[in-house]
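Throughout, residue positions are numbered sequentially from 1 according to the sequence presented.
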Amino acid sequence: MRFLLALFSLGVVLHVHPVSGLGSSCSAPLGGGTASPSDPYWMEAIKHQGTSAFNSNPSSYQVFRNVKDFGAKGDGVTDDTAAINSAMSSGGRCGEGTCESSTVTPAIVYFPEGTYLVSSAINMYYYTQMIGNPKNPPTLLASSSFSGFAVIDADPYFPNGYGSQWYTNQDNFFRSVRNLIIDLRQVPASSSAIGLHWQVAQATSLINVLVEMSTASGNNHQGLFMENGSGGFMEDIVFNGGKYGMQVGNQQFTIRNLTVNNANTAVFGIWNWGFTFQGVTINDCQVGFDLTTGGTTLSTQTMGSEAIIDAMVTNTPIFIRTSTASNGRLGGSLVLNNIKLNNVPIAVGVNAGATVLAGGITTIASWGQGNVFSGTSATATFTQGNIVAANKPSSLLDTSGRIFGKSHPQYISYAASQFVSVKTQGAKGDGHTDDTAAIQNVLNQASSIFSGCKIIFFDAGTYYVSNTISIPAGTQIVGEAWSVILGGGSTFQNQNSPKVVVQAGAAGSTGVMEISDMIFSTMGPTPGAILLEWNVHDPSGQPGAAGLWDTHIRCMFYAAAGTNMQVAQCPSGSQNTNCQAAFLGIHLTSGSSGYFEGTWIWTADHDLDAGNSPQTSVFTGRGILSESAGPVWLIGTSSEHAVLYQYNLANAQNHWIGFAQTETPYYQPVPAAPAPFSSVSIYLDPTFSTSTDMAWAMWVQNSQNIILFGAGFYSFFRSYTQSCVNTWNCQSQIFNMDSSSTITVYSLSTIGATYQLSVSGNGVVNESSNRDGFQETLTAWSR
C-alpha cells in the first residue's frame, strides 16, 4: 500500500511579530516533517480541544474518540466490537433511528496501530470520520464467527425492518474512512462476508483502504458493497481476493487509484447513471468489469455509463463484460481511454455472446460504445470503436502520461509539535464569537517561517468571521471532523458589492496551498458573500501543490437559534430575502491553478437538523466560477442548487473534470433565474430573459482544452413538483458552450432536461436519442 507525501515549497515571508508557540525558524528540511519513525502519528498525539458549537452541550460533547480510550485492545485476540461501537455512538449521536441527519454530533473515531478483532458490524453514525494511523495502518480483523452485514456499515438495515435503514441513502452525507485494513480471511470462504457496506451520498470519501479476502475457488467474499446512493469519491483502494472486489450501484461516483488482485470479478456493476474510474490496476482476475445492462426504466435501471481512464490490466481473460449486447441504448455507454492490456484476450465482450473488442497485449487509446455526436449536428452515430481523443495538455499529466493525481495530505512525517492549533492561539470556534482577528493573526505568523514546518490546525468547531480571512501562499491547513469557517454580518450582505469570506493566496501569488477537512459556510443573510476566492498558483515543477481535499462549501442553516436560515424562516416555496446565503461558492481567478478532490458546493435543499428533513428554499447565486488558465483538476466534485449556474468556465484553459455532478434548484422557475440575484457582467454571468429560465448545470465560454470525463446534470423538480421528470421537460437546456470553446465531453448523463447539450444557446442533443433507463446518456461529443 502506497502513502503519498505532500510536496512543499518556500512560502511567502511576512515581517510580523511571532505568535506564541510558532517560533521564528525551522530546523527541519524545507517542507519536511520532524517526526521520527517511532513517534506516534500527530493526530493521536496532538491536544484535542475540538467542540461541536451548536450541540446542546458543546462543553461536554466529545469530537475526537480514540477507540482504546473506550476499551478496545487492538491485540488481535480480544473482541473489540463493543468498544469500537461505544466510541462510535457515545454522546447522543445521530443513528439507530434516532434521527435522519445531523450536523451537531460530528466525530472522529481514531484507531491507533493494532489488530482489532470484531465479531459483528461496526455501525457508522452520521457525520463520522473513521481514521487509522497511516504510519502503521490498523487492521479490523473479522472473526471466524463474524455475523453482520459488513465489517463497516455506513447505512445499517433495521432487523426485520422490511428494507428500512438508519438513513436515507441519497442524504447519507459526511462520511470518511481512511487508513484501515479490513481482513476477512478468517471468515469461511463460503460465507457472504463484506468489508464495507458503503451506501452513501455526497461529501463522502474512502481513502487508503485495503481489504484482504479469501482466494479460494468459489469464495463469497466481497470487498465493498454499494446498492444505491448519490456519491461520492474514493481513492487509493486495494482489494485482494474475493468473489467481487467491489459490487456497486449508485447514481454517480468517482474512483481514483483502484487496485484489485486475484478476485473473480474486480468490479461488478449493478446500476448507475455514471461512474468515472481514473487509474485502475487489475491483476489475475477472471473479469475486470462485469456490468449489468439492458434496463430501460427507473425500476429496471442498470448500468448507464462507465468511463475508465489510465488502466493497467494483466492476466485477466475479460476486461469488460456486459450482460446484454448493445443496440445503441440498452448495452450501456462505455468510454475507454489509455487502457493497457497484458494477456487479456477479450477487451470488451457480451456475456455468453460476441467479442466486441479483441484484447491481447495492446493499448486502447480512445474507444467508446454508445451514441457519439459532433458540432451542432443532432444526429447520433452509434459507435463501437475508436472515438474522439481529447487533447490532453501536458500540464494535466504526470510523468507517465496519465492524468495527474495527488492523494489527500496526511502529514505522516510531521510531529505533533509542528501543528499550530487556532484555539490554542485564541480562536474560540463557538459559532458566536468573532474569530476574524484571531485566525488572521495565526495565518500571518505561520507564513513568516518556512512553509511546511508548521501546519495550521483548526480544532473541531465553528469559527464565525465578520470579514475576509486571507490565507498566504505557503500555508497548509487541516480541519478536524470538517471544521467550519462561518462568514456572517454586514460585510457580506450587499450583493452589489460582494466580499470574499476566505481568500486563498493574494492575487498573483505562487506557492503551496493545502486545505483539507474544512467547510466554508455562511450565517445568513449573506447575499454578497464569495465563500472562497482561489488566487494561488502551484510552483513550477510542483503540480497539485495548491488544492483542496475533502473540503466543502455548505450554504445552509444551523441548529442554533438566530441564524435566520432554518426551515422556519426558509420553508420550501418561500422567497424570503433573508434566505440569501451567498453570492458565489468558489472563484478560481485567472492567475490560479488548483487541484480539487472530493469537493461539494451545496446550497441546502433540506434542513439536516430538523426532523424528517423538511425541504427549504435557500438562495445562492453561483456555484463554481473558473477563469483559471490551468492546470485545474476537478476530481469527484459536485455543485448543487445555485441560481445562475453550478459550473461556469469563462476564459478558462487546461481543465480536467471528472466526474461532475449538479442539481438545478428545486424551486425554479419560481422565481426564474437569475432572481433573487442579477446577472453581473464583471463576474461573466450568463444572461436570462424569460419567466421560465432555470440555472445552467455548466456554462462554458471562450475556454480551451477542457476535458469533461463523466458528468451527471440533473433537473429533478419544477416548482417542487416532479412530474416533469417523466416528460423530460423540467428545463429545456442544461449544458451550454459557445462556438469559440474547445471542450471534449465523455459520458454525459442528464435527467429532466429536453436538451442534454447546447451550443451558443441552441439545443443540439435531444434527450430522446439517448434514453438508457431513468437517465439519458451520450457517450462522446466534440467540436
TODO: Would you check if I339 and F319 make a side-chain contact, meaning some heavy-atom pair closer than 4.5 Å?
DONE: yes

- [ ] Report yes if some heavy atom in the side chain of I282 is under 4.5 Å from a heavy atom in the side chain of F289; otherwise report no.
- [x] yes

For [Y], does its backbone N or O pair with a side-chain atom of [X] as donor and acceptor, under 3.5 Å?
X: H197; Y: A150; value: no
X: D171; Y: T168; value: no
X: D609; Y: T103; value: yes
X: N272; Y: Q252; value: no
X: D517; Y: E480; value: no

Are [X] and [Y] close enough for a salt bridge, meaning some N to O gap below 4.0 Å?
X: K423; Y: D459; result: no
X: E597; Y: K406; result: no
X: R178; Y: E235; result: no

Open item on the list: Tell me whether the NZ or CZ atom of R175 lies within the 45° cone about the ring axis of Y167 and under 6.0 Å from its centre.
Closed with: yes

Task: With W166, the ring-ring contact (aromatic ring centres under 6.0 Å, His included) member among Y125, Y126, F149, Y157 - done: Y125

- [ ] Apply side-chain hydrogen bond (donor to acceptor under 3.5 Å, both in side chains) to the pair W656 and Q278, showing each step before the final yes or no.
- [x] CA-CA 11 Å; W656 166 264; Q278 179 187 332; 3.3 Å; yes

